[in-house]
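Here is the structure we will look at.
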There are 2 protein chains.
Amino acid sequence: MPADSSALGGLNDILGLHIRRAHGAVQRHFTERFADLGLTQKQVSVLWLASDHPGIAQTDLARTLDMDRATTMAIVHALEKRELLERTKSASDARRVALALTAEGRALLRDAQAAIGEHERWLKERFTGPELATLTEMLRRIYR
Amino acid sequence: MPADSSALGGLNDILGLHIRRAHGAVQRHFTERFADLGLTQKQVSVLWLASDHPGIAQTDLARTLDMDRATTMAIVHALEKRELLERTKSASDARRVALALTAEGRALLRDAQAAIGEHERWLKERFTGPELATLTEMLRRIYR
DNA sequence: TCAAGTTTGTATGTGTTACGTACAATTATT
DNA sequence: AATAATTGTACGTAACACATACAAACTTGA
């Protein structure tokens, strides 16, 4: 049985497939490393953003991370249930909910950021500095 | 004030996030374009591979596309239920199932490949030839 | 100002993908 | 022949994404 590239045949020219497989590999590595922390990529991103922008609303999260509002809700809800996030009504706009980390959330985010550091080191170690800049810029072109 | 990069803050240096967002953008565009065909990326990949390698087994599919055996089953099953794929027992190994496209499957794959062509053109139009080669090679480094 | 439209959060449901576990049948190994 | 490994299968669980519908709060523009 031919290993990889020959077996793929015409699929080898499909950029979308390469992106999907790279994403899959990263996702898998992340999941392994974060099993004990019990956090997903999305959850870490949301905690991180809420920490950087205290009082941020769900809509802002959704916009910044390119997520559906319904999807955002599910993630925020899960974090609230674990008492990592707190929700208070916005003073300026009663529709909005201001998100903030609890002390527990801050502590867990610190651990998560350390773990992310290792994870990113694993991911980035295959690239030189200039390569990394090139890759990032190209990926950004894709999602605008 | 630049909309995205400033809001992302420290998250901006996370390569994993860029990969995830690029993947999300590609996935979204794909889903839109393939709504009428009723095929997902994974389903197209499986049809494509089965077409290139008649008699391929589920395990080979899983290995080639980096999928779980259980996940592969779900996809193959869905394609079989729609009568796009046929399964026959392998002559050389009674455990294996040989997959093959039906006439309907071949016809749909042809349409899908045309649609993939457009989709890939949309994706690739933001890169020059050499850039494309560089990007592909870098992505391949990630999933080995 | 007030009626109409928009934004925000919420609730509900569906579908896809991923993965874990366990099991039976078959083939390989020792 | 006994044991191990492979293959397909059948569960179950979980994360996301998205669609739709709705209420409450804000914005608008006539």
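Computed over heavy atoms, backbone and side chain alike; hydrogens, waters and symmetry mates excluded. The sequence lines fix the lettering, A, B, ..., with proteins before strands; numbering per chain opens at 1.
Enclosure of atom CD in A/Glu83 is not indicated, since only 12 or fewer non-hydrogen atoms of other residues, nucleotides or ligands lie within 6.0 angstrom.
Between B/Thr59 and D/dT6 there is no side-chain N or O to OP1 or OP2 distance below 4.0 Å. Within the 4.0 Å cut-off from OP1 or OP2 of C/dT26, not a single side-chain nitrogen or oxygen of B/Lys89 is found. The side chain of A/Arg63 contributes no N or O atom lying less than 4.0 Å from OP1 or OP2 of C/dT7. A/Arg87 has no side-chain polar atom (N or O) that falls below the 4.0 Å cut-off from OP1 or OP2 of C/dG9. Residue A/Gln27 places no side-chain N or O under 4.0 Å from the OP1 or OP2 atom of C/dT17.
Mapping B/Asp93 and A/Gln43 onto DNA chain D via the closest heavy atom, the residue that lands nearer the 5' end is B/Asp93. Between A/Ala70 and A/Ala94, it is A/Ala70 whose nearest contact on DNA chain D lies nearer the 5' terminus. Of the two residues contacting DNA chain C, namely A/Arg28 and A/His77, the nearest-nucleotide position lying further toward the 5' end is that of A/His77.
Rounded to whole Å, atom P of D/dG8 lies 13 Å from atom CD of B/Glu80. Straight-line distance from the CD atom of B/Glu32 to the C1' atom of C/dT16: 17 Å, rounded to whole Å. The CE atom of B/Met73 sits 14 Å away from the C1' atom of C/dC19 (whole-angstrom rounding). Atoms CZ (A/Arg96) and P (C/dT6) sit 18 Å apart, rounded to a whole Å. Atom CG in B/Asp68 sits roughly 15 Å away from atom P in D/dA10 (whole-Å rounding). Rounded to a whole Å, the CD atom of B/Gln58 is 13 Å from the C1' atom of D/dA10. Remark: P of C/dT16 and CG of B/Leu65 are 17 Å apart, rounded to the nearest angstrom. The nearest whole Å value for the distance from the CZ atom in B/Phe30 to the P atom in D/dA17 is 17 Å.
Side-chain proximity of A/Ala57 to the nucleotides D/dT7, C/dG20, C/dG9 is greatest for C/dG9. Comparing D/dC16, C/dG9, D/dA10 against the side chain of A/Ile75 picks out D/dC16 as the nearest. The side chain of B/Arg95 approaches D/dA5 more closely than any other nucleotide in the set D/dG8, C/dT17, D/dA5.
If you check every strand for non-hydrogen atoms under 4.0 Å, A/Thr40 touches sugar and phosphate atoms only. Within 4.0 Å of B/Arg20, counting heavy atoms only, lies no atom of the nucleic acid at all. Note on B/Arg69: a base of the nucleic acid sits closer than 4.0 angstrom, heavy atoms only.
Salt bridge A/Arg87/A/Glu80: present, at least one basic N to carboxylate O contact under 4.0 Å. Using a 4.0 Å cut-off between a side-chain N of Lys or Arg and a carboxylate O of Asp or Glu, A/Glu32 and A/Arg28 do not qualify as a salt bridge.
Closest of all the heavy-atom pairs between B/Ala115 and B/Leu37 is CB-CD1, 4.1 Å.
Using a 3.5 Å distance cut-off with no hydrogens or angles, the side chains of A/Tyr143 and B/His23 do not pair a donor with an acceptor.
Looking at heavy atoms from C-beta onward, A/Leu17 lies out of side-chain contact with A/Asn12 at the 4.5 angstrom threshold.
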